[in-house]
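For reference, the structure discussed in these notes is given below.
Chain A is the first sequence line, chain B the second, and so forth, proteins listed ahead of strands; every chain is numbered from 1. Scope of the values below: all heavy atoms of this structure, side chains included, with no hydrogens, waters or symmetry mates.
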Amino acid sequence: MNALLAFVFSASAPIVALLVSAIWLWRTPASRGARRLLSATAAFCLVASLQIVPYSVSRLLTLGYHPFRAGDVPPGPTAIVLFGGGDELVAGWADQLTITTPTEGARVLEAARVYRMIAPVMIVSSGGRPDPLTQVESSSTTMRDELVRMGVPANAIVLESVSRNSHENAALVVPILQSRGIQHVVLVTSDTHMRRAIGAMRAVGITPIPALAPDPRLPVDWYWWILPTSDSLEASREVAREILAIPYYFARGWWK
Amino acid sequence: MAELLTFVLSASGAVVGFLVCAVMLLLFPRAVWVRRITMAVAVGYAGASVYVVPALLTRVWASGYGPLRGSASAPNTAIVLLGSGEEQIYGWSDPWSVMNQTETERVVETARVFRLISPTWIVSSGGGPSYDPSARPSSEAMREALIQLGVPASRILSESTSRDTHDEAVLIAPMLRARDITNVVLVTSAVHMRRSLGAFRAAGVSATPAVAPASGPARIWYKRLLPSGEGLEASAQLAHELVGLPYYWLRGWYR
């Protein structure tokens, strides 16, 4: 499903559709089908590539959540749980280095901000290797390194480095939290991902307090909100994935 | 010009091209010239977005340059590492930045060359984005990554104000002269190497190239044969160099 969404909401889909339509029209110039395919795909790509569209839909996903404030957490031992958001492996002639994506970077930045506000017992950095075939470093480690650069003490960070999706994130952090006597959990993830992530945590018996990381790709200049951009296609892909994944998680009993 | 090329050779350009063709076909359904334009746009984007196409053209463009080999460490040597920009992240209150893929490739190559030749200095070069003077410059992000890869902090110098390759050459040349550096190894991407070497020559510095390999799309071979955003990006970088080099030459910034 992820591969299909990555294809549909990328530069690949319009180029393939344009090529198919052009060849079709070349062979049968009067074909209405080719024109319809071209028009429908062009309209879809245009809508998906305007930032204002995924942003508006994502507001429905974030309804009821607000940026985290210190007063959101009642007194008692508290932990921040930080969900990974994908890394990129960069391989050289001999060495390799894993870097965070902007989406994951935004989550790390929010976790560091919340850490400074509430001084919790610990941060659980949660995420395995996005591609176990090529990647040697887990998301949890990459995020830990970024947190340390942002001033969070390394000894305040606990790693969960096995999970491959939000359900596993939730299931695998529970024993860590229980073993430390944690009473309150602040969950840090991207704004569009929060509803599914909170449901996944509830399904394993934890009701977290949300701390939304804002979308790092939102344009600064107003006109980029109404022009087609690749960042907007990516934002549309993330929104579409959440819209499909929440019912899937619910059906599997992973979302409550 | 650079912005126009980047726009045309991006998903945005593909969507706009697609839309223009669709509208023309609706307005002039029987016109042969519209079908020809549609076919030209389709073939153009298909070619530019299949990663192997720009990768092969880049190989031709960068012929003669490759990874630095050998292990002899010469005295008075410096590695010059050219930045490639950061991904700026704005949270609720703080800004942060992470290195982009191209810049990370250069950092990884610099760490390898450092171990190979043990130079006196590494010059980490690159300013922040022009629209945000408070943003962390590339030089600082690269410096931190080099330290993470085992390079001693005491051997890294920073140049943090440049905006382009010409700036980098002009600002780094006096830094090298002040430290009596006679051997310079220049680390940058293959596609960027020709213009960079020319810019440094124009500033009076003759450098040895050390090409950082491009990671490209995921290491699944067929992804390199299908249209992708990475393919378009590689084409945009090549087009940028094809336009940038004559521009530098005309300005006297390339020799």
Side-chain angles (χ1 to χ4, degrees), chain A residues 10-12 14-23 25-26 29-30 34-35 38-39 41-43 45-46 48-49 67-68 88-97 99-102 104-106 108-110 112-113 131 133-134 145-146 149-150 212-214 216 218 220 227-230 233, chain B residues 10-19 21-23 25-26 29-30 32 35 38-43 45-46 48-49 67 87-101 104-105 107-109 111-112 115 131-132 144-145 148-149 212-213 215 218-219 226-229 231-232:
Chain A
S10 71
S12 312
I15 291 169
V16 169
L18 181 59
L19 197 62
V20 168
S21 308
I23 293 169
L25 279 169
W26 199 259
R35 283 191 182 80
L38 195 67
S39 304
T41 320
C45 290
L46 179 67
S49 66
F68 180 83
E88 280 177 20
L89 177 79
V90 176
W93 301 113
D95 313 82
Q96 57 184 31
L97 190 65
I99 52 173
T100 57
T101 57
E104 186 169 276
V108 176
L109 187 61
E110 177 62 1
R113 185 183 79 96
D131 182 357
L133 291 177
T134 59
D145 293 345
E146 286 292 318
R149 279 191 206 107
M150 291 176 191
L212 304 170
L218 292 182
V220 179
L227 288 175
T229 67
S230 23
L233 277 174
Chain B
S10 70
S12 321
V15 171
V16 170
F18 195 8
L19 203 64
C21 291
V23 170
L25 279 164
L26 284 176
R30 294 181 195 286
V32 175
R35 289 207 307 278
T38 303
M39 183 58 93
V41 172
V43 170
Y45 271 108
S49 65
E87 303 271 9
Q88 300 300 321
I89 298 170
Y90 296 95
W92 297 114
S93 58
D94 326 281
W96 189 249
S97 65
V98 291
M99 292 193 300
N100 64 28
Q101 188 166 314
T104 310
E105 289 158 2
V107 168
V108 168
E109 175 60 2
R112 186 188 74 88
R115 290 196 305 275
Y131 58 84
D132 186 358
E144 286 175 13
Q148 187 186 340
L149 289 169
S215 297
R219 295 179 168 196
L226 295 173
S228 68
L232 275 181

Let me confirm one number: the [atom1]-[atom2] distance from [X] to [Y], rounded to the nearest 0.5 Å.
| X | Y | atom1 | atom2 | value |
| --- | --- | --- | --- | --- |
| B/Asn100 | A/Thr101 | CG | OG1 | 13.0 Å |
| A/Glu110 | B/Asp94 | CD | CG | 9.0 Å |
| A/Thr41 | B/Phe18 | OG1 | CZ | 4.5 Å |
| B/Trp96 | A/Met150 | CH2 | CE | 5.0 Å |
| A/Leu19 | B/Met39 | CG | CE | 7.0 Å |
| A/Ile99 | B/Glu105 | CD1 | CD | 8.5 Å |

Which of the residues [options] is involved in the greatest number of heavy-atom pairs with chain B at under 4.5 angstrom?
| options | result |
| --- | --- |
| A/Pro214, A/Ser10, A/Ala11 | A/Pro214 |
| A/Ser49, A/Ala43, A/Pro67 | A/Pro67 |
| A/Leu227, A/Leu212, A/Val108 | A/Leu212 |

Is any side-chain heavy atom of [Y] closer than 4.5 Å to one of [X]?
| X | Y | answer |
| --- | --- | --- |
| B/Glu87 | A/Pro216 | no |
| B/Glu109 | A/Asp95 | no |
| A/Pro29 | B/Arg30 | no |
| B/Leu232 | A/Ile15 | yes |
| A/Arg149 | B/Gln148 | yes |
| B/Leu25 | A/Leu38 | yes |

Part of [X] within contact of chain A (heavy atom distance under 4.5 Å):
| X | answer |
| --- | --- |
| B/Leu26 | side chain |
| B/Leu226 | neither |
| B/Val41 | both |
| B/Tyr90 | backbone |

Does any backbone or side-chain atom of [X] lie under 4.5 Å from a heavy atom of chain B? Answer side chain, backbone, both or neither.
| X | answer |
| --- | --- |
| A/Leu233 | side chain |
| A/Ser21 | neither |
| A/Leu218 | neither |
| A/Leu46 | both |

I'd like to know which of [options] tops the heavy-atom pair count under 4.5 Å against chain A.
| options | result |
| --- | --- |
| B/Pro213, B/Ala11, B/Ala42, B/Ala22 | B/Pro213 |
| B/Gly91, B/Gly229, B/Pro67 | B/Pro67 |
| B/Pro29, B/Ser93, B/Ala40 | B/Pro29 |

Residues two or more places apart in sequence or in another chain: which of them pass side chain to side chain donor-acceptor pair (under 3.5 Å) with A/Ser230?
->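 Not a single residue meets the side chain to side chain donor-acceptor pair (under 3.5 Å) criterion with A/Ser230.
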Taking the side chain from B/Ser12 and the backbone from A/Pro228, do they hold a donor-acceptor pair closer than 3.5 Å?
->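 Looks like yes, one N/O pair under 3.5 Å.
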Is a side-chain donor or acceptor of B/Thr104 paired with a backbone partner of A/Val90 at a separation under 3.5 angstrom?
->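 It does not hold such a pair.
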Do you know the tightest heavy-atom contact between A/Pro102 and B/Ile89?
->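 That would be O-CD1, 3.7 Å.
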Give the minimum heavy-atom separation between A/Ser12 and B/Pro227, together with the two atoms involved.
->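 So the minimum-distance heavy-atom pair works out to OG-O, 2.7 Å.
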